[in-house]
Amino acid sequence: MTSSEIRKKYLEFFEKRGHKIIPSSSLIPEKDATTLFTGSGMQPLLPYLLGESHPGGKRLVNSQKCFRAEDIEEVGDNRHTTFFEMLGNWSLGDYFKAEQLPWFFEFLTDEVGLDPKRLYVTVFAGDKKNGIPKDEESSAIWKKLFQEKGIEVKEVELVTLARGGEFGMQGGRIFYYDAKKNWWSRTGAPEKMPANEPGGPDSEVFYDFHPELGEKCLMSGFGTFCHPNCDCGRFMEIGNSVFMEYLKKEDGSFEKLKQRNVDFGGGLERITAALGNDSDIFQIDIFKPLILELVSLSGKRYEDSAHQKSFRVIADHVRAATFMLADGVLPSHNDRGYILRRLIRRALRHLNRIEVSGEHLEILSKSVIKIYADQYPGLARSENGILSALREEEARFKKTLASGLRYVHGMTELQNISGKIISGADAFILFSTYGFPIEMTEEIAKEKGMTVDIKGFKSEMEKHQDISRAGAEKKFGGHGLYLKTGEVTIRDQSEVEKVTRLHTATHLLHQALRQTLGPEVRQNGSDITVERTRFDFNFPRKLTPEEVKSVEKLVNEKIKEDLPVSFVELPKAEAEKTGALFFFTAKYGDTVKVYYIGKDLNSAWSKEFCGGPHVAHTAEIGAFKISKEEAVASGLRRIRGIVEP
Ligand code: SER
């Protein structure tokens, strides 16, 4: 059975039981500002769970597009995806456990034909501290349902995950777990809920892909025994009935909501996988065409463990990116746009790994649009916009991916000597200069048997914040780059990028001044904020308007030439021999970085001692403008410059 057929059957099954079919909401939440994306079916329905009346009535059914950014790094195994469809049926103060559990069981077994012997269920073990009772009612309902199918039922009190590994299945069919596993709210367990947040006990259904294993786990090492919530991949959760009847109060205690709700969420892709009896979600009808396309493009085998993760990451990320673009998200420096950018860049990196050129991203996205033509015709309507956004992002990233990987390669050589850590500073350069999302750096590091100093990376991020937004200022390095400390958010990438562009522009300005006015021009200090660069230099008189114009022109010519920006690390004495400029009053260590702008160190147009970061290619700077030329003191001039997109 295809996923489309399952979706249709589900909607019709509940429609027959008095539910109104409602469309999927956008991936961009309208009624819930707590998350960047709609990550569950209940989010768009929150006001109705709290008591507002829904125009569709008290029984609703839908298939909701969901995206969970927190799962990005999990993608690559057999079952995690960032985007997925959640089948949902809703009782807004109407039916409860006695209807919900039998209906879902009937749907799974009689309607789509799953073998009930393969199904295992979990229920809430209770929470004494918060006065929430053990869910014996759900357990009794399940017991009857299984017995009616001729299946013997034993209840097992595993309660915690650790006990699951220790004691295993014990011949059980119904398993009790605590609030870490069988409680649902947008923020997780009762302790984690803020005041006025609704939540409740839940009951999950699992499908066993390997009944032949008996009590055994698919992977040794996780625990002695397997159990439904084990992480080994033997069991897959396919549906979750949340009995949303509690509200957390200001004082931290719980009270009953005005109405008892059912919030059911079922993974469409996972139910499809269970029906195919193949635990690899990437083999279902939605992903299969994408995987086959990648196989033919790359000439590599999907079964090959060296490439399987790449196949899966690409398939997942292309699908998610296509849906996001259709819902109006565009790649950018912040919030949703940044998550989208990470998805696209990570997909491109994995295409690169299996030796498929980045332009094929568009072809894959076209396939996604085709696969979903019936259910989501909106994708086809936005096709042009989706494809051109992918094309632009690909072009942007292409420029820096290869040089970024070369940078990592260079580092790897060094690391053989100095340990297996990518420093925070290097991770930051990969981020600011080459546009590598941090998890991509982590992933590359992992492939090379290295780790990344994430703490160090975060503190680099903090240092490179915009001073104009308050906070303590401090000078950094020998180059007068002003930095600030403060909260790090993804938002700041745009500012980091702007400062980086201005920094490279400052090197060009320095050289342009020397070429125009003479080699006696020497830097006397510089200061870069997110708005502008300020460059002080020794020169005896005011510049003529023509001189200012020609300096500006020269910088822009070098930007247009799109020269590569690179560095070498050298012992100080050798670095001096390269003819690189350095700042007299600054202190340098025994080895220094020489940043050069041009094809190679010898012929480079500009060379300076510098810690970076810089752009990878000068064209990234945009247009450079001198906004002011003035005197600071006798023989000391100051130029302010800005860059435009
Ligand atoms: N809200 C629950 C979940 O997301 C069930 O829909 O799992």
Side-chain angles (χ1 to χ4, degrees), residues 36 67-83 231 305-318 320-321 331 333-354 358 393 396-398 400-416 418-464 487-493 496-497 500 612-613 616:
L36 286 177
F67 178 82
R68 291 187 178 173
E70 63 272 28
D71 284 340
I72 280 188
E73 278 154 78
E74 309 284 338
V75 179
D77 67 8
N78 65 321
R79 61 195 183 283
H80 280 95
T81 59
T82 53
F83 173 91
D231 228 8
S305 62
H307 304 301
Q308 193 170 63
K309 180 175 175 184
S310 292
F311 280 92
R312 289 170 171 173
V313 168
I314 298 162
D316 172 75
H317 288 13
V318 169
H333 303 304
N334 46 37
D335 296 345
R336 293 184 191 98
Y338 187 61
I339 306 259
L340 173 57
R341 169 163 287 170
R342 281 162 65 188
L343 287 175
I344 298 173
R345 293 189 168 194
R346 197 153 174 259
L348 287 168
R349 224 262 308 163
H350 281 276
L351 279 171
N352 185 279
R353 285 200 63 195
I354 58 168
E393 185 62 14
R396 236 183 116 95
F397 190 46
K398 193 169 163 186
T400 54
L401 177 64
S403 16
L405 289 174
R406 266 202 307 279
Y407 183 91
V408 177
H409 185 72
M411 236 159 29
T412 324
E413 306 279 291
L414 281 180
Q415 294 296 332
N416 285 339
S418 60
K420 291 193 178 261
I421 296 170
I422 293 184
S423 71
D426 278 329
F428 182 73
I429 285 177
L430 286 167
F431 173 75
S432 55
T433 301
Y434 303 104
F436 281 28
I438 184 65
E439 75 276 351
M440 203 170 102
T441 301
E442 281 189 284
E443 203 172 76
I444 295 169
K446 206 166 152 197
E447 283 161 20
K448 295 183 183 293
M450 303 164 79
T451 56
V452 183
D453 174 8
I454 294 293
K455 251 181 145 172
F457 170 76
K458 283 191 181 146
S459 84
E460 287 293 319
M461 281 287 284
E462 280 171 19
K463 280 198 262 169
H464 287 73
E487 256 313 284
V488 181
T489 65
I490 278 166
R491 232 177 270 282
D492 301 312
Q493 206 223 357
V496 168
E497 214 167 83
T500 307

Exercise for the section: Taking side chain to side chain contact (heavy atoms under 4.5 Å, CB included) as the test, write out the residues that go with Thr451, two or more places apart. Expected result: Ile421

Practice task
Go through the structure and list residues passing side chain to side chain contact (heavy atoms under 4.5 Å, CB included) with Leu401, not counting sequence neighbours.
Solution key: Arg349, Asn352, Phe397, Leu405, Phe436, Met440

Beyond-backbone contact of [X] with [Y], side-chain heavy atoms, under 4.5 angstrom:
X      : Y      : result
Leu340 : Glu393 : no
Tyr407 : Thr433 : no
Val452 : Ile444 : no
Leu343 : Phe83  : no
Lys309 : Glu443 : yes

Between the side chain of [X] and the main-chain N/O of [Y], is any donor-acceptor distance below 3.5 Å?
X      : Y      : result
Asp316 : Thr82  : yes
Asp77  : His80  : yes
Arg345 : Pro437 : no

If you measure from [atom1] on [X] to [atom2] on [Y], what distance do you get to the nearest 0.5 Å?
X      : Y      : atom1 : atom2 : result
Thr400 : Leu430 : OG1   : CG    : 10.0 Å
Met461 : Phe431 : CE    : CZ    : 4.0 Å
Phe457 : Ile422 : CZ    : CD1   : 11.5 Å
His317 : His350 : NE2   : NE2   : 6.5 Å
Lys446 : Thr441 : NZ    : OG1   : 14.0 Å

[X] versus [Y], closest heavy-atom pair with distance:
X      : Y      : answer
Ile339 : Ala69  : CD1-CB, 3.9 Å
Ala321 : Ile344 : CB-CG1, 4.1 Å
Arg312 : Asn78  : NH1-N, 3.6 Å
Pro613 : Ile429 : CB-CG1, 4.3 Å
Ala427 : Ile438 : CB-CD1, 4.0 Å

In plain terms, say whether [X] and [Y] are close enough for a salt bridge, that is, a side-chain N and a carboxylate O under 4.0 Å apart.
X      : Y      : result
Glu74  : Arg68  : no
Arg79  : Asp71  : no
Glu439 : Arg346 : no

Practice task
Could you tell me how the ring of His307 sits relative to the ring of Phe311: parallel (under 30°), tilted (30 to 60°) or perpendicular (over 60°)?
Solution key: perpendicular

